[in-house]
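Taking it in order: structure first as structure tokens, then the write-up.
Every number for a ligand or one of its atoms is a count from 1 in the order of the listing.
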Amino acid sequence: MPYVYDFDHAHDRPPRELKELLGGKGANLAEMTSVLDLPVPPGFTVSTDACRACLKGGWPEGLTEEVAEHLATLESRMGKRLGDPSDPLLVSVRSGAASSMPGMMDTVLNLGLNEHSVEGLAKQTDDEAFAQDSYRRFLDLYRDVVLGDDEDAEVPQDPHEQLRQAIEAVFRSWTGPRAVAYRTREHIPHDLGTAVNVQAMVFGNRDDRSGTGVGFTRDPATGAQGVYGDFLVNAQGEDVVAGTRITKPLSALEEEFPDVYAELMDIFERLERHYRDMLDTEFTIEQGKLWMLQTRVGKRTGAAALKQAVAMTTDPGIELTHEEALLRVSGDNLDQVLHPQFAPGDHEIVATGLPASPGAAVGKAQFTADAAVTASRHGDKVILVRSETSPDDVHGLEVAEGVLTSKGGLVSHAAVVARGWGKPAVVGAEAVEIEGSSFTAGGVAVQEGDVISIDGTTGEVAVGEVELAEGEHPPEFEVLLGWADEARGDRLGVWANADTAHDAAQAREYGAEGIGLCRTEHMFLGDRLPLIQRLILADGDEEERPALAELGDVQREDFEAILEAMDGLPVTVRLLDPPLHEFLPDLEELIVAEAKGELDEGGHRLLDAARHWQETNPMLGTRGVRLAVVKDGLYRMQVKALMEAAVERARAGGSPIVEVMIPLVVSREELALARGWVEEEVEAVRGEAGVSLEVKIGTMIETPRAALLAEEIAEAADFFSFGTNDLTQMTYGFSRDDIEGRLMAPYLEQGLLARDPFETLDLAGVGELVRLGVERGRVTKPDLKVGVCGEHGGDPESIDAFFEAGVDYVSCSPFRVPVARLAGAQAVVRRRAA
Ligand code: ADP
Ligand code: MG
Ligand code: MG
């Protein structure tokens, strides 16, 4: 296999598909050259194979000769030679990995100049200033990009040496800390390597009939039809993006260079038709002649992605099918239009950091976790501002509306925790200079308690209160979701996790087709706490019965409301899951109160109970079905209340569909026992009411043992629902609450974990248990219905894996339902295509 390919090399596949070999930039340069026949300065690409070989065993054998050969071809095409003192060929050396990586090295322009050839260039062009400008740019870039920190190193005079060093520097930049950090947070494999493009220079800095620019074939911010971009007259390369000179909009190009503009518009149209997508381009004009230097499918905002995907289905030159349009949008795109954002208008943005967790928030700046907690106790909304956060700040993060840090990246502690909790976060906002309890940014000083606003979707930070716009759905939102539902059909259901009638109604509005997880524990909190405490404190059946009856009454009302909100759709009620101590006051506080003599008789009973139920590992202790084994009255009460609610609904003309789910099961015997209680209670209520109500009884699969023994467990189950939060926790032996705050960031940064397994299903471990569980459960019951109700049920990549594993539905939080509908459709479409 050769290491080097000319841009017009005849590949057996369209070069744009060869990104892994040629890098994104090289693949598209080859496509523009050889397939589209666009005006691209000639050149060649040194492949990622060469990079990998170089990183493994040093400069690859034969590469020098190959580069020399292709350089000779380039020289004869251009009629100039590299290093020719009278008329030098100049080239750019451009890095380009398979996926674009801003953390990588930049590009060296005007390579081939030295003290002699700069004079030749001046003479040839009859323009000393231009030649010197080009040389200065070359030296700056070379020092910066190739020599880096080595202060003693000098720029070689020999252009062939320059070329070889520059290529090698690009290769090495692959393993540089910036690049590694970028790949880690973007989940790009570390072993791909980068390609290097060597391309004849064209000069936008030649004179006033020259210039350089960037253009999008549509507006990447709004998605609107019509080109969008900037250009600069008499400028080279990075001048446009560097922000050092004020650029002009592309519309000005139409006036100043009408012919070039017309040609560019024509090229944009051809590019769009060819790629069937929005493109981002770089171009240069040299003395009135247009050259294309780069193109790629353009990055865009969520709103633009939705708008363009829909528009391109009816664009005569593109005609995306509905299924293709679905694959063009991502969960993140939908998410972006769902979260609140800064309302349009003039906000004074004082800093822009990394958009670490979507959504916008407004609050008073607090600079320590303790101060945040105190302020929030006083009823303030708080934005926690830290240089970076650590596990010691978690209590501050908890109460904050959002978090802003001046350091750290997208997998820093603050970013990980905020994403986990769904709080807006802007991290690594370097312009924010924190000193004690104040910061300055963009020349504005902010003191503790001053109001600031952050937008975690864009990374923007503003001083004062910015008005927030509720995530407003553009019309394309519904259109795409409609197509998604069509594509998904009944192959993968999307249900929601909802504990209240309000959440259920919301989920339904978002398109949920059922409730996959209705947790019942919140029904015992708030003003119901004394009721469950009475039950816990009850001494024997006599005392338990009235306490249970009262709990049953309030639960029945809750269930009725939920069944009404979901009328006609299945509601899966999970019987009580948490350990009992969660319903008791904190043991340590009780002990302190006792020492101070502040406990009355009731207090002492609570203290005894708290001592009794205290456990070393409560998440692995007496919870779920285990608790019911020692207190079966609880589950019986819950089922009775649920059935009575269903009967009420049926009598009122509704169509309640009830499923009862037993949590934390590890064996067939355990499930069979619990099932017995449920059946008895169902029978009792049904018999009394004389109504026929089908009730399914199933179990959560959330312990590794349950997944492994699914074949047996299925004997006692009408359905399974994978509780992937606990399943992940128990498979890794990671206590989620402790790990997310303390260990997740270092694990991600050091590459010990590729992904946060609580966010995206761990395909290798937990995913295997899911696959096994589905397969084994269906050995016993081929039609066994299987769902997923962990938070992974709302994560697109996890949804794909669940579908692959044969899961029938995923259940996620109500506001993730649209994302799940889309991701489910994409999973179906991808399988169909494969
Ligand atoms: P990046 O990936 O950072 O955009 P590029 O390799 O695209 O880096 O190059 C940086 C800038 O230099 C871009 O504006 C590009 O258009 C310009 N450039 C690259 N190669 C050439 C060339 N052969 N002639 C003129 N300009 C070039
Ligand atoms: Mg650059
Ligand atoms: Mg570029």
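For the pair Arg52 and Trp174, the cation-pi test (distance below 6.0 Å, angle within 45°) is failed. Both tests hold for Arg16 against Tyr275: distance to the six-membered ring centre under 6.0 Å, angle to the ring axis within 45°.
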What's the verdict on side chain to side chain contact (heavy atoms under 4.5 Å, CB included) for Asp87 and Leu121, showing C-alpha distance, side-chain angles and the deciding distance? CA-CA 6 Å; Asp87 185 14; Leu121 181 66; 5.9 Å; no

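Side-chain N or O atoms of Thr33 include none that pairs as donor or acceptor with a backbone N or O of Val40 at under 3.5 Å. No donor-acceptor pair closer than 3.5 Å links the side chain of Asp315 to the backbone N or O of Met312.
Using a 4.0 Å cut-off between heavy atoms, Lys25 contacts ligand 1 through its side chain alone, with no backbone atom that close. When non-hydrogen atoms are compared, ligand 1 lies under 4.0 Å from neither the backbone nor the side chain of Val214. With a heavy-atom cut-off of 4.0 Å, Val202 touches ligand 1 through backbone and side chain alike. Only the side chain of Glu282 comes within contact range of ligand 1, with a heavy atom under 4.0 Å; no backbone atom does. Neither the backbone nor the side chain of Ser100 has a heavy atom within less than 4.0 Å of ligand 1.
Polar contact check, Thr212 against ligand 1: no nitrogen or oxygen pair lies under 3.5 Å apart. Looking at ligand 1, you won't find any N or O of Leu293 less than 3.5 Å from one of its N or O atoms. Considering both main-chain and side-chain atoms, Ser95 never comes within under 3.5 Å of ligand 1 through any nitrogen or oxygen pair. Of the polar atoms of Gln294, at least one N or O is found under 3.5 Å from an N or O of ligand 1, judged by distance alone.
A salt bridge links Asp140 to Arg136: at least one charged side-chain nitrogen sits closer than 4.0 Å to a carboxylate oxygen. Salt-bridge annotation for Glu430 and Lys407: absent, with no side-chain N of the basic residue lying under 4.0 Å from a carboxylate O of the acidic one.
Heavy-atom distances between Pro41 and ligand 1 stay at or above 4.0 Å for every pair.
Between Phe257 and Phe231, the ring planes lie perpendicular to each other; the angle is over 60°, past the 30° to 60° tilted range.
If you number the atoms of ligand 1 from 1 as listed, the ones under 4.0 Å from a heavy atom of Leu109 come out as 12 (O), 18 (N), 19 (C), 20 (N), 21 (C), 27 (C).
Aromatic ring centres of His9 and Phe44 lie farther apart than the 6.0 Å criterion allows. Ring centroid separation for the pair Tyr142 and Phe138 comes in under the 6.0 Å cut-off.
Annotation for Leu279 and Val297: closest pair CD1-N, 3.8 Å, computed over non-hydrogen atoms.
The Mg ion (ligand 3) has Glu282 OE1, Glu282 OE2, Gln294 OE1 as its protein N, O or S neighbours under 2.8 Å.
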